[in-house]
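The chains referred to below are lettered A, B, ... by the order of the sequence lines, with proteins before strands, and numbering in each begins at 1. As a basis for the values below, the full set of heavy atoms in this structure was taken, side chains included, without hydrogen atoms, waters or symmetry mates.
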Amino acid sequence: MEQEKASLAGTIVAWLAAFVMFFPILWMVITAFKTEEQAIAIPPLLIFHPVLSSFGAALAQSGYIHFAENSVIVSLCSTALAVLIAFPAAYAMAFQPGKRTQDLLVWMLSTKMLPPVGVLVPIYLIFRDTDLLDTRTSLVIVDALINLPIVVWMLFSFFRDIPRDILEAAHMDGVGPRGQMIHLLLPLAAPGIASAALLAIILSWNEAFWSINLTAAHAGTLATFIARYSAPEGLFWAKLSAASVLAVAPILIFGSLAQRRMVRGLTVGAVK
Amino acid sequence: MEQEKASLAGTIVAWLAAFVMFFPILWMVITAFKTEEQAIAIPPLLIFHPVLSSFGAALAQSGYIHFAENSVIVSLCSTALAVLIAFPAAYAMAFQPGKRTQDLLVWMLSTKMLPPVGVLVPIYLIFRDTDLLDTRTSLVIVDALINLPIVVWMLFSFFRDIPRDILEAAHMDGVGPRGQMIHLLLPLAAPGIASAALLAIILSWNEAFWSINLTAAHAGTLATFIARYSAPEGLFWAKLSAASVLAVAPILIFGSLAQRRMVRGLTVGAVK
Amino acid sequence: MARLELRKVGKTFNNFEAVKSVDLTIEDREFVVFVGPSGCGKTTLLRMIAGLEDITSGDLYIDGERANAVPPDKRGLAMVFQSYALYPHMTVARNMGFALKMAGVPKAEVEEKVRAAARILQLEPLLDRRPRMLSGGQRQRVAIGRAIVRNPKGFLFDEPLSNLDAALRVQMRIELVKLHQDLAVTMIYVTHDQVEAMTMADRIVVLNQGHIEQVGTPLELYHQPANLFVAGFIGSPKMNFFPSRAVAVGRGDATLELSPNHALSFPVPSGMSPGALAPGASVTLGLRPEHLFLANDGPLSGQVDVVEHLGVETLAYIKAVNGEMITVRADDLSPVAAGDRVSIALHPGRGSLFDAGGKAIFHLSPA
Amino acid sequence: MARLELRKVGKTFNNFEAVKSVDLTIEDREFVVFVGPSGCGKTTLLRMIAGLEDITSGDLYIDGERANAVPPDKRGLAMVFQSYALYPHMTVARNMGFALKMAGVPKAEVEEKVRAAARILQLEPLLDRRPRMLSGGQRQRVAIGRAIVRNPKGFLFDEPLSNLDAALRVQMRIELVKLHQDLAVTMIYVTHDQVEAMTMADRIVVLNQGHIEQVGTPLELYHQPANLFVAGFIGSPKMNFFPSRAVAVGRGDATLELSPNHALSFPVPSGMSPGALAPGASVTLGLRPEHLFLANDGPLSGQVDVVEHLGVETLAYIKAVNGEMITVRADDLSPVAAGDRVSIALHPGRGSLFDAGGKAIFHLSPA
């Protein structure tokens, strides 16, 4: 009764918040299908005849395919790199924790607390000196490092959910660390690894700051595609919206396919 | 034996990764204490006489204090707003889950999967039309919405760790939902709430994309302070490094004070 | 005063009938134990009485007043949870006084009541501790203390001893029985452990798949189980069941065929109605391990499979000729050993007979 | 063949001595149970034998060879974990065959061995299921099956039944004893439950605070406990302890003063060495509940506090005149009720006497 009333209020708050967060996306998609005149009409038009002209204009201007290709390659490679480094690191921290394991985890996570803008200068200089500016390699490295703490932390959490008894049973069964990793940890933490990888792919795809600052025409991702979008003349809101939709669409589709699996991995844990 | 060797390797990987992530920060701090000539010397100088001139130059150029003040206000207010909304939402989702609770959580988290650049246009238009461009209010709202899914998810996780029995016992004791929130959930989830709030403050402080795009001179945060930094003439790496150190320093100090409590909250859970 | 009446009380979760139309009256000051296997609905029934679950159908009366819609804290009942459900951030004293404080009772009065309850439960030295600094048994006591402080007219216990070790469980169940004698209030106690039910209850309610199988005193259930379920559930080791066929039914005894060519003569009480046992009927003979003894010459025989020495008694698990396992309780000096071929006799005048549907036909009791 | 010898085996964790210089020999094909309260070091000792913990000091010999540095899988021992520790992503068959597969045994041979073990444990219909689809008892069986398949010379069990309910526990402990008879291998079994120890063991090792209190057969421990700890730990309900003073020691009996003005004459075995019991010594008289009975006229008396009816027997908890609680075991027909004033007599020739340090002076056993 009282209990239910209180949580009804909470539920309403949650749905409202979700809607507010979702609203801009909705508006953007709607705007992309308007003409430039409709886009700036006040009050905003809710009923109109959708046109595709803005998409055509956005695609015509710049190499969408090229940017999309960069996005795919960078997000997949950086994720692979991050998982490859994180797997043994998380294994060591979860199953043979030393006195400094907690410190190490804290340190890794605390690098996430640095404003990226704060380390732009040294990173830029390093890549300039190594001739990696405007290459996919630079973005792969940066994105992998950015996501590494999260991936390590997630894998660590999933590994910690695996009962130690199971590894000890394998030990009694004559299975060494390699066998344990391959035959037990990998399959048991698979949902967790998948979640972590999906998250890393999405974060890397959406990463705009480093893409914009470290790349130019050659290695730019879809994030830079929008950022660099400029209309030759006149009104451009509808075209910009269309360009944004084009940049967002692949990861939105990918994300909506993957989200259940990802969120399940995030909220339920590995072996339950 | 074998077991230990395998995890030694993992531990080394973890420490190496942590060092690589930490290295740019180290370089930046060192560079900030160099002269411009030393900063571009090849090979890089490791031994030199530190100078403070770059800091002086960086502080002289633009209103550091003003930007810092904006950063403090925006990150604190946006965090407060996010926690205030998230608390009842997480309460409802954790203790009176409906059929759609899982969907709601998925939806909230999936808004994090959108590239910010994709919704820049509509957000920009909304704030332009409401005359909120270049105000702290706009940044507070945006940062609160950005952090809301994470805060809701963290609070939800912490609440879920609180045994339902305890709330039922309170119910038997004649304590209603308000009393339960105030006397039980608030104190029991306090470490969790603190963790979530600290994380939100840090994320909000470090947020650069929206600050740069939604603010100008008036409401800019320290992230924009660096982004807008420009040297009047000649070499500027050392000065830029100094400006970056100045922007990062407050949150680094705050973060290092708060990190143990935060990571404990993140890794251990609420009531154990 | 707390007299509870359940009239056709039922509970349905998403089309699953957890409790099916339960009729039960619990008298004031009675100690009633709900016992049954997991999933039998005993905890759901308790939670409906507490008010933590809505009652789907039927009526609950507390002291004559319908209580279906009365909120939990207004029913005058206190609950002790299986997990203890102590407030982890409060001291023992604050845990115990929380309900009173919330109800606006003056601080001095709260303190006095907490102190009084702590005295009963010997918790006085622990009043300033946090729950996590207490042992399992101490937490259990605090949970009971928290209930006592509210001065309820009835206590509801949900498997309160299941997290304690064996020795402490024995001790706590004695303390709970004494507490019941001292406080003189109604207590309802849920457990899956038939030993707890037997040792603590004034009356036991045996539940199975959401309905009541039998209600009775511990010794009634032990000596006169209403059906095979109760007979098998109450008592450890289990009652031996011998599926058999009534070959001939006489005035004072009946002949039961346990397996082809293996008949047994079994006494029949004189008061049995003539139609209750017909020749040719499928029946089950139920004999508890203490209704049997090892003898030089008995109607049953087999080879000893396992012998358990418990000090005060010896249990022999014997594989009968037809492959069935028979449990026999012997005294502590019995020289029986695994592998022995033994012969088993029946103590006269003990045992039960059940019909094909599992319902008891009659019980033989010692005079 | 698996004969284990522990010579002064000890284990220290961060300055905490979990196991203190344990000397123990376990013969081939013996069923030995390590029992003790939590924290007594029993699991640590088992894990050292398994090879999952390093041995800090002392030596472990398996079949005469020093095994301290031998890796766990080379010791020829298989372990069954408390949590079962099944591989959750593998079917029952793959769980059981995993060790052999990893060792490179040909597939057909693995399958055959798995099938053979499954037959013993009646797991054949479950071979294709995943662990999560099994009940607790079935998981337990799979864990045992996984151990059997490796054909070890010894089994190590770490509280394997503690996650099962009471009825299943009784059944599984019989099955384990039968398994031991069938396989004829050494088994070491760790438990905190003295009933499991009593019913399953050939020999019981009672551990307390890292050292061995006593090693013996179940009935030795029950009837001749070496000290107060063992006397109190083995047997349920607990042995009654009467702290007293030896007032006079004669040839055939001694006079014990239980409390001022309350003396008791107690028989002394003729074989006792003269110096073992001196007049004036502080001693503790230990009498199990079945060593006492309710009589019209007995040396002890008190008021019945709680009566537990277990069907086959009745336990009376009696508050003695001096405030101590006395437990008396009576038969199932005893008419005793709470509140009765009763008199308690001693069965002659039963009971134990312990000295001031807790060590047993003598035990009286039935002829």
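Listed for the B/H183 side chain is no donor-acceptor partner under 3.5 Å among the backbone atoms of C/F98.
The number of heavy atoms from other shown groups lying within 6.0 Å of CZ (C/R130) is above 12. Annotation for C/E27: atom CD counts as buried by contact number, over 12 foreign heavy atoms lying within 6.0 Å. No more than 12 heavy atoms of other residues, nucleotides or ligands shown are found within 6.0 angstrom of CD on C/E112.
Within the 4.5 angstrom heavy-atom criterion, only backbone atoms of C/A78 (N, CA, C, O) approach chain B. Proximity to chain B is limited to the side chain of C/R146, based on heavy atoms less than 4.5 angstrom apart. For C/M102, the part sitting under 4.5 Å from any heavy atom of chain B is the side chain, from C-beta outward, and nothing else.
Residues B/D173 and C/Y87 have side chains in contact (heavy-atom distance under 4.5 Å, counting atoms from C-beta outward).
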Determine all donor-acceptor pairs shorter than 3.5 Å in which one atom belongs to a side chain in residues 104-111 of chain C; sequence neighbours excluded.
none

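In terms of heavy-atom proximity, B/M172 sits nearest to C/A50 at SD-O, 3.7 Å. Closest heavy-atom contact between B/I166 and C/L86: CD1-O, 3.4 Å.
Among B/L188, B/L184, B/I162, the single residue meeting the side-chain contact (heavy atoms from CB on, under 4.5 Å) criterion with C/P88 is B/L188.
Residues from residues 175-184 of chain C never place a non-hydrogen atom less than 4.5 Å from a non-hydrogen atom of chain B.
Between the CZ atom of C/R47 and the CD atom of B/E168 there is a distance of 4.0 Å, given to the nearest 0.5 Å.
Counting heavy-atom pairs closer than 4.5 Å to chain B, the top-ranked of the candidates C/Q82, C/M79, C/M90, C/R150 is C/R150.
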